[in-house]
Amino acid sequence: MVHQERVVLQGHIIDSLILAKVLDRILSMGGSFDLQEVQIGKTREDASRAKIVVRADSPALLTSILEAIQPHGASVERESDCRFQPAQADGVFPDEFYATTHLPTQVRLQGAWINVDRIEMDLGVLVEPDQGTARAVPMASVKRGESIVIGREGVRVIPLQRPRKRDVFSFMESQVSVERPHGHMVHDIAARMRQLRTGYREGRADCRILFSGGPAIIHAGGRDALAWLIEQEYVHILFCGNALAAHDLEMELYGTSLGYAHQAGQPLPHGHEHHLRTINRIRSLGSIEKAVESGLVKHGIMAACVRHHVHVVMAGTIRDDGPLPGVITDSIQAQEAMRNVIPGTGLALLVASTLHSIATGNLLPAAVPTVCVDINPSVPTKLADRGSFQAVGLVMDAASFMREVSRELGWKP
Amino acid sequence: MSRLLVCPPDYFDIEYEINPWMHRSNAVNRERAVQQWHRLMQVLEQDVGAALERMKPVPGCPDLVFTANAGVVVGRQFVPSRFRFPERQREEAYFEDWFRLHGYEILMLDHEQHFEGAGDLLGFADCWFGGYRQRTNILAFPLLSEWFHREIIPLELVDRRFYHLDTCFCPLSGGELLYYPPAIDRYGQEAIADRLDPVQRLVVSEREALDFACNAVCVGKHVVLPSGCPDTEALLASRGYVTHSVPLDEFLKSGGSAKCLTLALD
């Protein structure tokens, strides 16, 4: 946890090098800083003013840094507790509710800064002053009378520290370019997956890998690679829609996806019916799990998920056929089901789905390393535009990505 | 004509120890102190041509003699010091009374805002320098800067023997600076170098700095400084200043010299 305090420095702090001295002192003592506001005097007589957020890894270090910079004029800014109001009705925030970002956030309650649990962008903050706890809460879930933070006083957002490890994730910015080479990025992603699998097997926290994918993975030929990753325990959570599951199962029952035979690359007569017949068949059995347990479905993504107890959340859309049993058709319920499995995620791979990538991106805290893979550059761009700035964008074909990352991890097709 | 505020050393003594120079065991020879002070006044009045305003000494205020620490005077406005040590805080009221009686407008700093007057605030016409860390709190400078519309460059004093800026830093009337750089931290030294060309910076040796060569009074082309600083005198003479050295070692026992014993009123 990062400990921080905001200080103000004013006067002739630029030419005197007082500002430089204070910043040097913070760094040399092992802290870090963020210059939030710097107003520079327009003439020599005018004073300048800087607001500096000082951060340290421990409260003791923070105190020593503050003690060291105070003699140079850095005064700790006066701070107040956060304000809150009861929700007037179920599903309705108070008017001036504080809207969250997906960055680590703290609120001040009775003089103490406490972390907001389950942070996610675009939610409110529910506080329980008696317990000294705070958590992010979606608008639809708030209950009448719950205390919701209002205004901005007593709320602070902590920017992410740059990771010490130098890999593709250390940039934490979604530069999206078709022309960037993929090799080293795929390599870094695979390395992260290997490291997380080890942590997951040892029962360490925050080592789960979340995979969110669209049906293009099947059409383009990435099914075997993804199934292999699941078999090898490189995927612990799967978010998808009706289509990914339906085409995976269609492939198993008919050897086609959306009617195209994968071996021949030709549309088969009446092939367009295959996915409907597949869905109907699974519906008759009651669940995908039963289809796997009965031996009807032996291979592929869903079979691997059932066998390896992957937590699958299937969220439906307005254009779905069927849908398959297990698909959640109420969007708010689906969102909640996805939200509930996100804590503990150490890597999110969002592959070939505009809808599911953006939905998942919105639910993820900024601290979760995220990769967005799509053949269409507008998807990673859109994800970044909607605030998931931490997502690394990879413009490439879904199947190529699946196959390359699997090969890095030892897959031999 | 330059006017200086001074206070006769009738009660000057070492009654407490608030800087590394002061040792109660190192008693002041009152007779010599009085002689040295009168000699200084004679030089200031007769050789330099300054006009002197004499304050009435007060029993129990041995350091009232160091009028540089009364506060700071800008035109007809006066900001009384807020002494860091309680031993000197009792002087505040006497200095304030003198200025009030003489028609100055008094601007008050908060009591916790330590500021030791012209001991820690010195400068040239357009830019002032403020010593901090030993006695004055840096937070006093933004206020003074706002009141007087002047730039104040804070300088951190890092050697306890040079506890006020005027013990190591003396701006001269021709724009040069007589100073002892090691008493000021690296950032402060850089800030000074940024404002003054090398030719304007007259560096005093450690030996003479310890004899308080920088605690000098500059009036026009005259510089009055403690005796025993021949190199500094030669340096000043080379720049066209007329130097006047006065033995002031009785006052050095208390950590003060020529400059500390005067406060410029104009």
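Because the structure is a prediction, the values reported are computed rather than measured. Naming convention: chains lettered A, B, ... in sequence-line order (proteins, then strands); numbering from 1 in each chain.
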Within 6.0 Å of [atom1] in [X], more than 12 heavy atoms from elsewhere:
X	atom1	result
B:Tyr94	OH	no
A:Arg152	CZ	no
B:Arg90	CZ	yes

Study note, to complete from the structure: Against chain A, residues from residues 177-201 of chain B with at least one heavy atom under 4.5 Å, in numeric order, are B:Asp185, B:Arg186, B:Tyr187, B:Glu190, B:Ala191, B:Arg195

Practice item. With chain A as the partner chain, list the residues of residues 132-148 of chain B whose heavy atoms fall under 4.5 Å from it, by residue number, and write 'none' if nothing qualifies. Key: B:Tyr132, B:Arg133, B:Ile138, B:Leu139, B:Pro142, B:Ser145

Check your understanding: Are the side chain of A:His12 and the backbone of B:Ile153 linked by a donor-acceptor contact shorter than 3.5 Å?
Key -> no

Check your understanding: Would you say the side chain of A:His72 lies within less than 4.5 Å of the side chain of B:Glu156, judging by non-hydrogen atoms?
Key -> yes

Review point. Atom CD of A:Glu45 and atom NE2 of B:His149: how far apart are they, to the nearest 0.5 Å?
Key: 9.5 Å

Exercise for review: Let me know if A:Thr43 has heavy atoms under 4.5 Å from chain B in its side chain, its backbone, both or neither.
Suggested key: neither

**Study point:** Among A:Gly11, A:Ser16, A:Ala47, residue most engaged with chain B (heavy-atom pairs, under 4.5 Å)
**Key:** A:Ser16

Exercise for review: Quick one: which of A:Asp46, A:Ile14, A:Asp24, A:Leu9 has the most heavy-atom pairs under 4.5 Å with chain B, could you say?
Suggested key: A:Asp24

